[in-house]
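The structure under discussion appears below in the form of structure tokens.
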Amino acid sequence: MLLFSVFISGMTTLAVELAASRLLGNVFGTSNLVWANIIGLILLYLTAGYFLGGRWADRSPRERTFYQLLCWAAFTVGLIPIASRPILLWAAKGVETLNAPVAGGSFVATLLLFLVPITLLGCVSPFAIRLSAKMLSGVGASSGRIYAISTLGSLVGTFLPVLVLIPSIGTTRTYLFFAGLLLVIALIGLWRVDRKRALMLMWMPLILIGLAAVASSGPIKPIAGLIYETESAYNFIHVVERGSTRYLLLNEGQGLRSIYNPDNLITNGTWDYFLVAPFFNAPPFTPADVKSLGLVGLAAGTISKQYTAVFGPIPIDGIEIDPAIVQVGRDYFDMNEPNLNVIVEDGRWALAHSPNTYTVIGVDAYRLPYIPPQLTTVEFFQEARAHLAENGALVINVGRTPSDRRLIEAMAATLRAVFPSVHVMDVPDTFNSIVVATVQPTTPDNLSANLATLPPDAHPLLPHALQRALNTLQPTVYADAIFTDDVAPVEQLTNSTDFFSMPLLRASCS
């Protein structure tokens, strides 16, 4: 029973840590900064638990004390999502209104909720070692066995919540599942050594059940116009409808990943600019010259829908790592074009293994506010170029601030190491720029020449996008360093900007 308790305790510890990223990610996102804070503070709490657990075990080396400790650890784990709910709702308002003190304070407050449960869980292993070591000569074998079993439990706790529980039952119920399981084991163990004490603690599961019923009601994150929300293995997904337009938001909700209006394909956002990329080729370049599209970061299909409308039913490979987003796209964004081939896979891996050649490859795979580093390197762009036609173009969405364009300059330099020409356009009223690289040497003047020779039957979205692109062309500035698979400090560059100085990402980032 002691060893089984250690196994379940180790499993719960890792489950709490991994579920914490989703709990916080709903409001603050899942950036490396969020992860660093979660991992760092949980390690700090475990350190305190190891120290206190050893001293506690020496003072009261009894199974009754051990199982009571386990009961309180389980109970406080169950309180985490319930106690955090009002804090996170308060935090959501801070993020929504860009109130840094509110957002930052609530972030710290939420992390403090893990102090008691994780510290108590940290006490379990040294306490169990003390109880299981009958003689001094057996301490080494006993501690090795305890830590092996605890780590094995942690292994299960790594995969079970992420792959099974959170996508199936959500974050709150995942916490309650592990809290309930640990509490049952603790009460059974306590019943074996002190039935009276076990009966005295039977209020714990009753309280958790009651609080869970209250906490599980209503949306996870109330938003005006919310029509759907769910949690996947990768994201917290919500769909908002305002007027006749639907928006896809992920995690903290600060960026619009897709937009859909059945009566108007013009978004005036980043998506429209992806249509422009091939028209940097030498004139005359017509819509008929666009033969295919490869899209890394399909989301709910805004770009694929625009490409189909403007260029006809050309073959489109849309790569999206999250199958739940694909389903949302089909159910709520009419992402049902027969020419769209959806590939549920990691973007770089899927593109590298694609047998197809494309006129355009689009990269729109933000995990706000970051571009995945593996999609920014020379090696990735070399793989992309190998899948582009002779008149091909690569287009990527990059974030910036009004005073900091270092990431754009680094991306331009990296692209320039692979492609002969690179062009930059700033999307109006946003902190986004669209960077285009072409297989052939090209000039910005080609864009205006191709706009002037568009056929009269061209879809109206195309001249609209081309004109906006012409109006927002920027000089291409190259950084001294380039990104490689070995060194790609994308996150460091992003972190050096002020997150709360980027409010317009909500209206623009795809």
Handout entry: Minimum side-chain heavy-atom gap Leu466-Leu470 below 4.5 Å
Key = no
Exercise for the section: Output yes when a side-chain donor or acceptor of Arg348 lies under 3.5 Å from a complementary backbone atom of Gln374, and no otherwise. Expected result: yes
Handout entry: Residue pair Glu231, Thr171: steps toward the side chain to side chain contact (heavy atoms under 4.5 Å, CB included) verdict
Key = CA-CA 8 Å; Glu231 293 183 271; Thr171 304; 2.3 Å; yes
Exercise for the section: Go through the steps for Asn446 and Phe285 under the test side chain to side chain contact (heavy atoms under 4.5 Å, CB included), then give the verdict. Expected result: CA-CA 9 Å; Asn446 293 345; Phe285 189 92; over 6 Å; no
Fill in the blank from the handout: Taking every heavy atom of Leu265 against every heavy atom of Gln306, the minimum-distance pair comes out as O-NE2, 2.9 Å
Practice task
Using a cut-off of 6.0 Å, state whether more than 12 heavy atoms not belonging to Asp486 lie near its atom CG.
Solution key: no
Exercise for the section: Could you verify whether a donor N or O on one side chain and an acceptor N or O on the other, from Thr476 and His423, lie under 3.5 Å apart? Expected result: no
Exercise for the section: Indicate yes or no for a side-chain donor-acceptor contact from Thr174 to the backbone of Gly170 under 3.5 Å, with no hydrogens or angles considered. Expected result: yes
Completion exercise
For Val378 and Ala417, the nearest pair of non-hydrogen atoms, with its separation, is CG2-CB, 4.2 Å
Handout entry: For the student: nearest non-hydrogen atoms of Asn261 and Ser244, plus distance
Key = ND2-OG, 3.3 Å
Practice task
Identify the two heavy atoms, one from Asn432 and one from Asn397, that lie closest to each other, and give their separation to 0.1 Å.
Solution key: ND2-OD1, 3.1 Å
Practice task
Say whether, by atom type as modelled, one donor and one acceptor occur between the side chain of Tyr273 and the main chain of Ser433 under 3.5 angstrom.
Solution key: no
Problem - Shortest non-hydrogen separation from Arg385 to Val439 and the atoms involved - result: NH2-O, 3.7 Å
Practice task
Give every residue pair that meets the side chain to side chain donor-acceptor pair (under 3.5 Å) criterion with at least one member in residues 281-293, sequence neighbours excluded.
Solution key: Thr286-Asp289
Completion exercise
Residue pairs passing the ring-ring contact (aromatic ring centres under 6.0 Å, His included) test with at least one member in residues 376-414, sequence neighbours excluded, are none
Practice task
Would you check, one step at a time, whether the test side chain to side chain contact (heavy atoms under 4.5 Å, CB included) holds for Glu345 with Ile321?
Solution key: CA-CA 5 Å; Glu345 188 55 81; Ile321 197 170; over 6 Å; no
Practice task
Using the ring-ring contact (aromatic ring centres under 6.0 Å, His included) rule, collect all pairs that involve residues 434-470, keeping only residues at least two apart or in two chains.
Solution key: none
Exercise for the section: Give a yes or no on whether the backbone of Leu250 and the side-chain of Asn235 come within a donor-acceptor separation of less than 3.5 Å. Expected result: no
Practice task
Kindly say whether Thr438 contributes a backbone atom to a donor-acceptor pair with the side chain of Thr442 at under 3.5 angstrom?
Solution key: no
Handout entry: Check: Gly301 main-chain N/O paired with Ser304 side-chain donor or acceptor under 3.5 Å
Key = yes
Practice task
Answer yes or no: is there a side-chain heavy-atom contact under 4.5 Å between Leu298 and Ile319?
Solution key: no
Exercise for the section: With sequence neighbours left out, write down each residue that passes ring pair (Phe, Tyr, Trp, His ring centres under 6.0 Å) with Tyr228, or none if nothing qualifies. Expected result: Tyr332
Handout entry: Aromatic ring pairing His353/Trp349, orientation class (parallel under 30°, perpendicular over 60°, tilted between)
Key = parallel
Practice task
Give a yes or no answer on whether the side chain of Glu241 reaches the backbone of Gly225 with a donor-acceptor pair at less than 3.5 Å.
Solution key: no
Problem - Side chain proximity check, Leu451 to Leu454, heavy atoms < 4.5 angstrom - result: yes
Exercise for the section: Heavy atoms only: give me the nearest Pro420-Pro441 pair and the separation to one decimal. Expected result: CG-N, 3.7 Å
Handout entry: Arg468: partners by salt bridge (Lys or Arg N to Asp or Glu O under 4.0 Å), with sequence neighbours left out
Key = none
Practice task
Flag the pair Val326 / Met335 as yes when at least one side-chain heavy-atom distance between them is below 4.5 Å, and no otherwise.
Solution key: yes
Handout entry: Pro373 backbone acceptor or donor facing Thr377 side chain under 3.5 Å
Key = no
Problem - Donor + acceptor pair across side chains of Asp426, Thr472 (<3.5 Å) - result: no
Exercise for the section: Could I get the full list of side-chain hydrogen bond (donor to acceptor under 3.5 Å, both in side chains) partners for Asp317, not counting sequence neighbours? Expected result: Asn341, Asn356, Tyr358
